[in-house]
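When reading the values below, keep in mind they use all heavy atoms of this one structure, side chains included, and skip hydrogens, waters and symmetry mates. Naming convention: chains lettered A, B, ... in sequence-line order (proteins, then strands); numbering from 1 in each chain.
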Amino acid sequence: MSETSSAYSPGETEAKWQAIWEERGTNRFTPSELKTAENPYFNLMMFPYPSAEGLHVGNIYAFTGADVHGRFQRLLGKQVFEPIGFDAFGIHSENFALKVGTHPMDLIPSNVANFTRQLRRVGGMFDWDHAVDTTHPDYYRWTQWIFLQLFKAGLAERKEAPVNWCPSCMTVLANEQVVGGLCERCDTPVEQRRIAQWFFRITDYAERLLDNLETLDWSESTRKTQTNWIGRSVGATLRFPIAAPGDDADGAASSDEAATSHIAVFTTRPDTVFGATYMVLAPEHELVAEVTTPEQADAVNAYQAGAAKMDLVARQKTDKTKTGVFTGGYCINPATEERVPIWIADYVLMGYGTGAIMAVPGHDPRDFEFAQTMELPIRRVVAAPEDAADTPLDEAYLGEGVLVNSGDFDGLGVTDGKAAIISWLEEHDAGESRVTYRLHDWCISRQRYWGPPIPIVHCEACGAVPVPESELPVLLPRVEDFQPDDSGVSPLARVEEWYRTTCPECGAEARRETDVSDTFLDSSWYFLRYPSTDRDDVALDPEITGKWLPVDCYIGGNEHAVLHLMYSRFVTMALKDLGHIDFEEPYVKFRAHGLIVREGAKMSKSKGNVIIPDGIIERFGADTFRTYLMFLGPFEEGGDYQDEGIQGPHGFLHRLWETTINAHDGDADAGVERKVHQTIAQLTEQIPGLQYNTSIAAMMECLNVIRAGGRQAARAEIEPLVVMVAPFAPHLAEELWERFGHEGSIFDGGNWPRFDAEKARDDTVELAVQVNGKVRGRVFGPTGMDQAAAEALARADENVARHLEAATEKRVIYVPDRLLNFVVEKTPDA
RNA sequence: GCCGGGGUGGCGAAAUGGUAAACGCAGGGGACUUAAAAUCCCCCGGGAGCAAUCCCUUGCGGGUUCAAGUCCCGCCCCCGGCACCA
């Protein structure tokens, strides 16, 4: 077939095709091609953080799975844009740079170069002309621009707020970066500090972020994770007037003047308000001082000090005994008009709802436990059918029932009671229905060096003034001492010549914002930038953005199910509202890949069982490595990397090569062709569903049929298989395609084989014959037999006949082309 | 505690309610070879049997069905996420 070498040499073939792709620009789009593409498909994968260690198997697994998807779409005839980039700002890089004593501005370019080399070697279909590096001023100029757009829209605000402070990293962390009270990066207990920070008002979008989830083609688990994170709770806000000192239980009439201040609480159970026998404020609550009586002041202060000192891990332990102190103050339950005592306790969190609760010990387990400990009254206000209004409670009752001890509302069910009590509260101006979210605003300030400076100038007269867009980027200066300190401000605050500036509005002396922004801001919009990297005058080319976005398919790790995916959805929505883009959801389809373990154990540097991809690629080639990674388990579930397992795909690709090289030009065998078309059908359906492992198994099976008994393949039999293997083994497929005599890349021109149902149809089927559900024989017959014909064949089977003897037939179940089941009753031996 | 995802040969795994274990790894046997490698062929869940064949087997216990790995009910275990969220 060809006069060139006939032995398969992956190294040579792969080097050859990587060079050709590069030279011909096979995978790159020119600006005009981006504008004119007729069938655009944006295939996105999560861009890597370019570590010094280089690509790890997890990266390659994710990228290969996404690349297979992109190459398949391209074989279907689509123009597939598959960009890649580097997420290189952030604490991760900075800490590493500090550790090895190299400046990140020197470190990152060499890491990026190494990643680039490895990514090319793996054979991804990347458009290198549109790569991004978040640390490059050409990129972060526009990250700063995004900040300014949100600022102008009122979605960025600076406020002093309690923030999570990591004393080890010496920076503020977003709530999402605190895991179980520990810094997710270094596992140090996180402290609470009050610092002025920049926040994005993501909570304004909570409802939309939640509602849109239903419209997305995302996996169920990712949507659930986001739903839980947003944490929508429906309930009511209630106001409990603070009782003036000396008010007594029936002093409601005189409470008018005292009612100037009140405690607001949020509850999901307004129906239980008659059971609210005490109040609890979070220790940090601003009203604590107001309600505390002089006699209780010492105890309250001591408790507050203790709570402030306690780290979040200790505080959030749910199994510790509840603690708290009485403030000496009272407020009025608006439903019962009773005076109820006000306590402070650390089981009430400042960060949720209003930081205060009405305690209903009868119907909330935490309040019940607290009431028992403190000997506070417990009152039943919901009764199950078997309970009376005065049946004592030995634990909080959470179930359905009717309201009792609730005045005019007695007898209502829980659901009706909620509605009725909310109306009553609204009429009396004591509360209203309310929805609360667990989601917090996104704190984007970082008191570190390695990030984009937040483009704001602080002026004494004008306040926080945005840097004019024409002056972007605000360049991150190269400073040699970027060690963070405990001052609560960025190392940039030590660089006077940098932060001293003039106010863009009044020209007075002013000071630059010295915090940098969160890395998650860099990655919240990178996919928007990819197709517009040819433009240096705008962030987004409107025409190209309109054509290519939103992203058709996004593949990445589920560890980003909340942070990155939530933030990028928010930024996209905000940009839409500002008129910059015309869609509000960035990713039409998202799929999370699974995790790779090795020989049943998690890979880790400390265990020394990390797979080094370079060595494997050198030995087996990228095509074999890719195919094996996709074969070893379901892509969305991950799998176990067994070192010897690569032999399977290795042998498969070698046999495919040999079979193709030695194919003849004669007619295809009908039986073999049938198998080929059945394989086409299966792959055409399974590859878009990311069922790569079974797709590869099907191709192996098909090749086994083609080669059965050592027969020589016809070119017409093997050629479709060469195309189908192309997404997995692109270099091998290109080479064989060329040797078939085709011009150009196999990936151009929509070469995916067409399925022919006629050729795929079996004319003979094997039918399982059961007697009472147990297989007693197998018979062969023509496809589509009627039941009579099938029964005749079955009864002729010796073993089947034997089982039907001495039995009374009750009925026969026939599933055409699959099985025949005789249901019989054994005749008793007589 | 709540929400996801799992539990099938020695191992990775496959199976629209319809022949459990496809495909592959490892293992065993054989062919070729001076030998090895490579390649090719055969066997490969457990038990009984010379064999035909029969019995058992998808974490455990029930149920629905002619038929259950698959559906329903009740449990156990593993992995991931959330968790004093009022």
Side-chain angles (χ1 to χ4, degrees), chain A residues 179-180 219-225 227-229 231-233 235 265-269 272 280 282 315-320 322 345-349 351-360 363-367 369-370 436-439 558-559 561-562 592 594-595 597 599-600 602 628 631-634 636-652 654-655 658 691 693-704 707 709-710 766-778 798-799 802 810-824:
Chain A
V179 177
S219 61
E220 175 71 13
S221 69
T222 310
R223 285 187 317 201
K224 269 277 159 56
T225 306
T227 302
N228 291 344
W229 193 264
R232 184 176 195 265
S233 291
V265 301
F266 172 73
T267 179
T268 54
R269 295 294 304 275
T272 63
V280 187
R315 173 141 176 200
Q316 289 185 347
K317 280 250 190 270
T318 57
D319 51 359
K320 66 174 185 181
K322 297 234 173 336
D346 66 5
Y347 81 94
V348 174
L349 308 175
Y352 186 76
T354 61
I357 60 158
M358 64 174 205
V360 184
H363 304 283
D364 180 284
R366 297 152 300 182
D367 298 344
E369 187 196 334
F370 189 77
T436 299
Y437 299 93
R438 208 197 74 116
L439 184 71
N558 224 354
E559 69 272 20
V562 281
L595 252 50
V597 298
E599 313 271 346
K602 234 178 206 164
Y628 178 46
F631 179 64
L632 55 72
E636 291 181 74
E637 285 167 38
D640 189 3
Y641 187 100
Q642 303 187 330
D643 293 0
E644 289 306 315
I646 197 169
Q647 294 298 342
H650 172 76
F652 167 64
H654 273 85
R655 287 191 291 277
E658 290 298 324
Q691 292 158 280
N693 57 332
T694 49
S695 294
I696 293 165
M699 288 190 282
M700 288 172 167
E701 217 176 306
C702 184
L703 184 62
N704 290 345
R707 293 166 52 89
E766 187 188 277
L767 212 59
V769 184
Q770 301 181 333
V771 177
N772 282 351
K774 297 204 175 202
V775 179
R776 299 301 181 186
R778 288 143 216 254
E798 200 182 316
N799 198 43
R802 197 161 61 79
K810 302 299 245 187
R811 54 191 282 214
V812 182
I813 309 283
Y814 179 50
V815 183
D817 298 340
R818 298 230 54 139
L819 126 171
L820 192 65
N821 186 11
F822 293 96
V823 184
V824 303

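- The interatomic distance linking A/Glu559 (CD) with B/C82 (C1') rounds to 17 Å, in whole Å.
- Residues forming a side-chain hydrogen bond (donor to acceptor under 3.5 Å, both in side chains) with A/Glu701 (at least two apart in sequence, or on another chain): A/Lys675.
- For A/Ala356, the side-chain contact (heavy atoms from CB on, under 4.5 Å) partners at least two apart in sequence or on another chain are A/Ile263, A/Val265, A/Leu281, A/His285, A/Thr354.
- Remark: A/Asn799 engages A/Arg776, A/Asp797, A/Arg802, A/His803 in a side-chain contact (heavy atoms from CB on, under 4.5 Å) (not counting sequence neighbours).
- Only the P atoms considered, B/G46 is 28 Å distant from B/G6, to the nearest whole Å.
- Using a 4.0 Å heavy-atom criterion, one finds that A/Asn558 contacts no nucleic acid atom at all.
- When heavy atoms are screened at a 4.0 angstrom cut-off, A/Asn704 is found touching the sugar-phosphate backbone but no base atom.
- Listed by chain and number, the residues in a side-chain contact (heavy atoms from CB on, under 4.5 Å) with A/Gln647 are A/Arg619, A/Phe620, A/Glu644, A/His650 (sequence neighbours excluded).
- Looking at residues two or more places apart in sequence or on another chain, you find a side-chain hydrogen bond (donor to acceptor under 3.5 Å, both in side chains) between A/Arg223 and A/Glu220.
- In this model, the phosphate group of B/A83 is approached by a side-chain N or O of A/Arg438 to a distance below 4.0 Å at OP1 or OP2.
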Do any N or O atoms of the protein come closer than 3.5 Å to N or O atoms of nucleotides 37-43 of chain B, and which pairs are they?
| residue | atom | partner | partner atom | Å |
| --- | --- | --- | --- | --- |
| B/C40 | OP1 | A/Arg707 | NH2 | 3.2 |

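- Residues A/Leu819 and A/Leu767 share a closest heavy-atom pair of N-CD1, 3.6 Å.
- Rounded to whole Å, the distance from OH on A/Tyr352 to P on B/A83 is 12 Å.
- Within the nucleic acid shown, A/Lys810 has no heavy atom closer than 4.0 Å to any nucleic acid atom.
- Using cut-offs of 30° and 60° for the angle between ring planes, the A/Tyr347 and A/Phe370 rings count as tilted.
- As rounded to the nearest Å, B/G45 and B/C41 have C1' atoms that lie 23 Å from one another.
- In terms of the side-chain contact (heavy atoms from CB on, under 4.5 Å) criterion, residue partners of A/Glu766 (sequence neighbours excluded) are, by chain and number, A/Arg778, A/Phe780.
- Here A/Ser233 reaches the OP1 or OP2 of B/A86: one of its side-chain N or O atoms lies under 4.0 Å away.
- A donor-acceptor contact under 3.5 Å links the side chain of A/Lys322 to the base of B/C84.
- B/G9 adopts a syn glycosidic conformation, its chi angle falling within 90° of 0.
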Please convert RNA chain B into dot-bracket. A pair counts if it is Watson-Crick or G-U wobble with both distances under 3.5 Å; crossing pairs go in [ ] and bases paired with another strand get |.
(((((((..(((.....[....))).(((((.......))))).((((....))))..(((((..]....))))))))))))....
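- B/U58 and B/C71 have their C1' atoms separated by 16 Å, with the value rounded to a whole Å.
- Contact annotation for A/Arg232: no contact, since no heavy-atom pair falls under 4.0 Å across all strands.
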Nucleotide by nucleotide, 5' to 3', does protein get under 4.0 Å of the base (B), only the sugar-phosphate (S), or neither (-) in nucleotides 7-20 of chain B, counting heavy atoms?
----BBSS-B-BB-
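- Using atom P as the reference point in both B/C77 and B/A15, the two lie 29 Å apart (nearest Å).
- Residues forming a salt bridge (Lys or Arg N to Asp or Glu O under 4.0 Å) with A/Asp367 (at least two apart in sequence, or on another chain): none.
- Evaluation of the side-chain hydrogen bond (donor to acceptor under 3.5 Å, both in side chains) rule for A/Tyr814 yields no partner, not counting sequence neighbours.
- Across the C1' atoms, B/G5 and B/G17 are found 23 Å apart, a figure rounded to whole Å.
- If you take CD of A/Glu636 and P of B/G6, they are 10 Å apart, rounded to a whole angstrom.
- When the side-chain nitrogen and oxygen atoms of A/Arg776 are compared with OP1 and OP2 of B/A52, none of them lie within a distance under 4.0 Å.
- In terms of the side-chain hydrogen bond (donor to acceptor under 3.5 Å, both in side chains) criterion, A/Arg438 has no residue partners (sequence neighbours excluded).
- Rounded to whole Å, the separation between the C1' atoms of B/A83 and B/G4 comes to 15 Å.
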